[in-house]
Amino acid sequence: MEKTYQPEQIESRWYQRWEADNRFAPSGHGAPFTIMIPPPNVTGSLHMGHAFQDTIMDTLTRWRRMQGRNTLWQVGTDHAGIATQMLVERKLATEEGKSRHDLGRNDFIDKVWEWKNESGGQITQQLRRMGTSLDWSRERFTMDDGFYKAVQDVFVRLHEEKLIYRGKRLVNWDPELNTAISDLEVENVEVDGHMWHFKYPLAGGETYEYIEKNSDGDVILRETRDYISIATTRPETMLGDGAVAVHPSDERYAPLVGKLCEIPVGPKEHRRLIPIITDEYPDPTFGSGAVKITGAHDFNDYAVAQRNNIPLYNLMDRKARMRTDGLSYEASAELASRAAKGENIGDVAAVNLVPEPLRGLDRFAARQQVIEAITEEGLAVTRRNEDGVERPLVENKKIMQPFGDRSHVVIEPYLTDQWFVAVDELAKPAIAAVENGDIEFVPKNYENMYFSWMRDLQDWCISRQLWWGHRIPAWYDADGNVYVARNEQEAREKHNLPADLALTQDEDVLDTWFSSGLWTFATLGWPEQTPELATFHPTSVLVTGFDIIFFWVARMIMLTLKFTGDVPFKKVYVHGLVRDGQGNKMSKSKGNVLDPIDLIDGISLDELMEKRTGNMMQPQKAKAISNATRSEFPEGIEAHGTDALRYTFLSQATTGRDIKFDMGRLDGYRNFCNKLWNASRYVLMNADGEDTGLAPDAPVELSLADRWIISRLQQTEAQVTSALEEFRFDHASQALYDFVWNEYCDWYLELSKPVLWDENASAEAKRGTRRTLVRVLETTLRLAHPMMPYLTEEIWQRVAPLAGTFNEGTEGSGDSIMVQPWPMVDENTVDETATHDIEWLKGVIIAVRNIRAEMNISPGKPLDVLLTKGADADRQRLADNQRFLAKLAKLDSISWLENPADAPLSATQLVGEMEVLVPMADLIDKDTELARLAKEIDKQEKVINGIEKKLSNEGFTAKAPAAVVEKERAKLADSQASHRLLMEQREKIAAL
RNA sequence: AGGACCAUAGCUCAGUUGGUUAGAGCGCCACGUUGACAUCGUGGAGGUCGGCGGUUCAAAUCCGCCUGGUCCUACCA
């Protein structure tokens, strides 16, 4: 074996072997255990979030597999409609200078498939690097044939039940991508905005008395007005106003209700009139209390317009430019004015209320022009500034502006025909499933997040004006009648359409999340009732980030309950975001992204800087990022191997919070891998080719240390297992780390040396120690395997043949650790006595080490040590463990002093009641030692005082449980003993 | 505006139902290479558990308020 662990040589070899041997396919005979991987974008690449998530899923999967469960970890990728289409469009533009429209729909889609086939392997290759035991033989894609069928089926059936409908609604429109998006794909960001105040003159020059009162009811303003004052952050939408609304209780405007006012924009001769109405929506205490209602360009206004039958006038095209189509402004204004008076004007779609000079302008340019025109006309509300000049009132104001989460452009509420899922009926059972515990969130508090969202759910807009995705299975005839069916033929049959009737399919595709919502059951063959579906569904646990609970988890629950009658998963393990070491979100623009593969393989500083700044347009920013990178990673990043990376993720996988990825820990766990590697080297050096007690009838003698480490192993097995059951990967990894490093390596291996290297030790004892060394290691490897698969497999191959315990119950498949049984706790080998004895032994050794350090005695200098004042048990322990003590504490001799009074001047430490003496008359520095003792005495006195105070408190002795009081008394006795000893020491030294 | 989570050693984090002398790793200091490992060993320094109040015999832990941070949801024309 190499002297240090070299992961790169081991990992790819084992992964290929596992995959070739079909180790990842379900094979257990126990209860099924299923995890569905959250399908990564097919054209994506592995980021830290994936790596983290995949580590957790793989750990669970490997663990359950070893427990004998019939384990399936289903793999697949997502077609990721918008993301993939954007990517290919950008590629097309840069490489061929073409847009998708140059290619046309079919050729473009071919192009995407081409790209998918070319690059889709990247993410799956990277997944393999993480050691994931995914069943590649069942890999799925959300646009493969099976999914196509499932999606058609779900769509058609939901439509038949009227749970999918089509309608003209106000939706979030992305003017860059030219598609509708769902509420969830909108990010609201606070930006600096303005609020303008304009006067809407009353029709026919009418006037009224405007009276403003303060909260006490005193009149603070009284004036005659011929207008109503309106505030807006989006003046360009005034063109599409359909009404002005005031609150019904607002006395200021009561005289105006039912009258008409004039929108102060557009050609003067065709100014439109709109009614002043009442609605609950306006807040009388905000602004002027009067709100313009632009039903086609604002969600709140839309609701008001619906309630009050106000027409919706669309002003913009798909790119959020002012419309150029439809009727002339003059004709449109005429129609709209008739509508305002209550006339039915039929289809409003042709009405284009954008004045000709503004047509074709971008929305922001149009805004500027509208503001200027109104201001010029004197219809802006003015305020006298500090300098005494009247100026138009423009408030600077933080406003929340909606941005597309992909395109990062301002989203426009836009009136279009879209397909929707009516969610009310689907949400009810989905809420119930979590309420009644059929689905459990870990940690629990995410259930609240889920409930609050589910209880206030809007219908889900599922149509996207994209090309890449599942095309909506609906066909139209020339008259616009719609026929929903699985295919055109079925549409004709279903509706008895004449063969010569021309049908065209809906141009839109479905929201990506519509198909991924079917992920847990469509991957298993649904709508066919396959054996896989019967076996592996519902799945056991979903591992996912909190950020997609709404996007994905909630929708899976709704759709799966609807179509399988069962929940998609029983548990949802929700994890936080992986952030950088400083707690910042990793992002390309910040240049702080870590690539899991780089952490595994290592990367030079130059390459890392290039990677982080490669496509960056601004040289200044690139330089800043380079500098930051250089100061954080002056030497680049070393290779750490997959297991170390996995272990780091697991140790940081604490519940309910984001993860600050800690490079220091990564180094630490790389060292841990090396530690385990070297411990194994030691075991193999001492056991390979030797008698490890494999023969069933060979007599074996187990030493104290052997019994102790076996006992500790049982406890570790119990800890790791229960930690995994509770999804506490941090605890599982910690328990294993402690056992391996602090017990097996630090103590047991050292304790094994005196036996193995002692020529006088019996064959039985040597055999027992070798057997224990090997078996404990072998079991530990199995315990560690789900967390660190490569290292454990590599070592296990060499250790297992010497351990001879691995074939139990898994005959014929004993050639990989993957298929070995998970360690079972054996209560019979838990040995309390051995534990106490070893603790005593450690106590003596540590006491000597302490004395060495305190007295500045070289660690190598052999000492003669005396023990005294102990019980008979201590004397016996000394007799039994002479050679261990001598070896580990580097002693010449250690013996029992019958009469404490005979003790020479010594440095002394207590182990229980017993004293450990290192005689050292010649070594002592009087003053230093006295100072040290004074400090120690002081410390003990503080402890004693604290406990005495506690014990003298009657409330404590009366009310605290007896055991707690007893514990305090024992502590007091210990401290008093220490104190006495220190005092004696001080006396002796002082007498020198 | 409503809600969630977080605040423990210089850094990253543990700390079960209240009872520890408050722990780990990294970093730091001192010492140490003959027989698994310097990606190591031994010993050590370092914390009034964000602040204030309360409940209790007893609070890092339970309750309230405050401060600071992260995030979600909804938003006011």
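To find a chain, count down the sequence lines: A is the first, B the second, and so on, and within it residues start at 1.
When each of B/G44, B/U21, B/C5 is scored by its nearest atom to the side-chain atoms of A/N445, the top-ranked nucleotide is B/C5. Minimum atom distance to the side chain of A/R579 is reached by B/C71, of the listed B/C71, B/U42, B/U39. Checking B/U39, B/C37, B/U42 against every side-chain atom of A/N678, the shortest atom distance belongs to B/C37. The nucleotide whose nearest atom lies closest to any side-chain atom of A/W741 is, among B/U20, B/U12, B/G41, B/G41. Here B/G35 is the nucleotide among B/G35, B/G15, B/G32 with the atom lying nearest to any side-chain atom of A/K887.
Put simply, the side chain of A/K675 and the base of B/C37 share a donor and an acceptor less than 3.5 Å apart. On a pure distance criterion of 3.5 Å, no polar donor-acceptor pair joins the side chain of A/E447 and the base of B/A4.
Look at CZ on A/R849: it is 5 Å from P on B/G43, rounded to the nearest Å. When rounded to the nearest whole Å, the span between CG of A/L749 and C1' of B/C37 equals 10 Å. Atoms OH (A/Y647) and C1' (B/A24) sit 12 Å apart, rounded to a whole Å. Whole-Å rounding puts the A/M1 CE to B/C37 P distance at 12 Å. Rounded to an integer number of Å, the gap from CE of A/M855 to C1' of B/G32 is 19 Å. Going from atom CG of A/N448 over to atom P of B/A4 covers 8 Å, rounded to whole Å. Remark: P of B/U12 and CD of A/Q582 are 8 Å apart, rounded to the nearest angstrom. Per the geometry, CD belonging to A/Q734 stands 5 Å off C1' belonging to B/A24, to the nearest Å.
Among the heavy atoms of the strands lying under 4.0 Å from A/K971 are primed sugar atoms or P, OP1, OP2 only; no base atom is included.
Contact annotation: A/K753 reaches the phosphate of B/A36 (side-chain N/O to OP1 or OP2, under 4.0 Å). Residue A/K950 has a polar side-chain atom (N or O) positioned under 4.0 Å from OP1 or OP2 of B/U20. In terms of phosphate contacts, A/H731 brings a side-chain nitrogen or oxygen within less than 4.0 Å of OP1 or OP2 of B/G15.
The aromatic rings of A/F52 and A/H575 sit perpendicular to each other, their planes meeting at more than 60°, with 30° as the lower class boundary. The aromatic rings of A/Y446 and A/F546 lie parallel to each other, with less than 30° between the two planes, well short of the 60° mark. Ring geometry for A/W677 versus A/Y5: interplanar angle of 30 to 60°, hence tilted.
The same atom, C1', is picked in B/U61 and in B/U55; the two are 14 Å apart, to the nearest Å. Atom P of B/G15 sits at a distance of 12 Å from the matching atom of B/C62, rounded to the whole Å. Nucleotides B/U17 and B/C63 place their P atoms 12 Å apart, quoted to the nearest Å. Taking the P atom of each, B/G50 and B/A22 are spaced 15 Å apart, rounded to whole Å.
Pair assignment for B/G64: B/C52, on the basis of Watson-Crick or G-U wobble contacts that are both within less than 3.5 Å.
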Would you list the protein and nucleotides 73-77 of chain B atom pairs, both N or O, that sit under 3.5 Å from each other?
{"residue": "B/C76", "atom": "OP1", "partner": "A/N300", "partner atom": "ND2", "Å": "2.7"}
{"residue": "B/A77", "atom": "OP2", "partner": "A/K397", "partner atom": "NZ", "Å": "2.4"}
{"residue": "B/A77", "atom": "O3'", "partner": "A/T233", "partner atom": "N", "Å": "3.4"}
{"residue": "B/A77", "atom": "O2'", "partner": "A/A231", "partner atom": "O", "Å": "3.2"}
{"residue": "B/A77", "atom": "N6", "partner": "A/D283", "partner atom": "O", "Å": "2.7"}
{"residue": "B/A77", "atom": "N6", "partner": "A/F286", "partner atom": "O", "Å": "2.5"}
{"residue": "B/A77", "atom": "N1", "partner": "A/D283", "partner atom": "N", "Å": "3.0"}

Test A/I293 against A/D241 for side chain to side chain contact (heavy atoms under 4.5 Å, CB included), laying out the working first.
-> CA-CA 5 Å; A/I293 301 301; A/D241 286 354; over 6 Å; no
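With no hydrogens or angles considered, no side-chain donor-acceptor pair links A/K950 and A/T957 at under 3.5 Å. Side-chain contact check for A/D667 and A/H640: at least one donor-acceptor pair (N or O, by modelled atom type) lies under 3.5 Å. Side-chain contact of A/T4 with A/Q6: a donor-acceptor pair under 3.5 Å is present, judged by distance alone.
Comparing A/N674 and A/G668 by the nucleotide of RNA chain B that holds the closest heavy atom to each, the one mapping nearer the 5' end is A/G668. The residue among A/K660 and A/R681 whose nearest nucleotide of RNA chain B is located toward the 5' end is A/K660.
Aromatic stacking of A/W757 on B/G35: satisfied, with centres closer than 5.5 Å and planes within an angle under 30 degrees.
For the salt bridge (Lys or Arg N to Asp or Glu O under 4.0 Å) criterion with A/D758, the lone passing option out of A/K766, A/R883, A/K753 is A/R883.
With hydrogens and angles ignored, the 3.5 Å screen pairs no side-chain donor or acceptor of A/S975 with any backbone N or O of A/L972.
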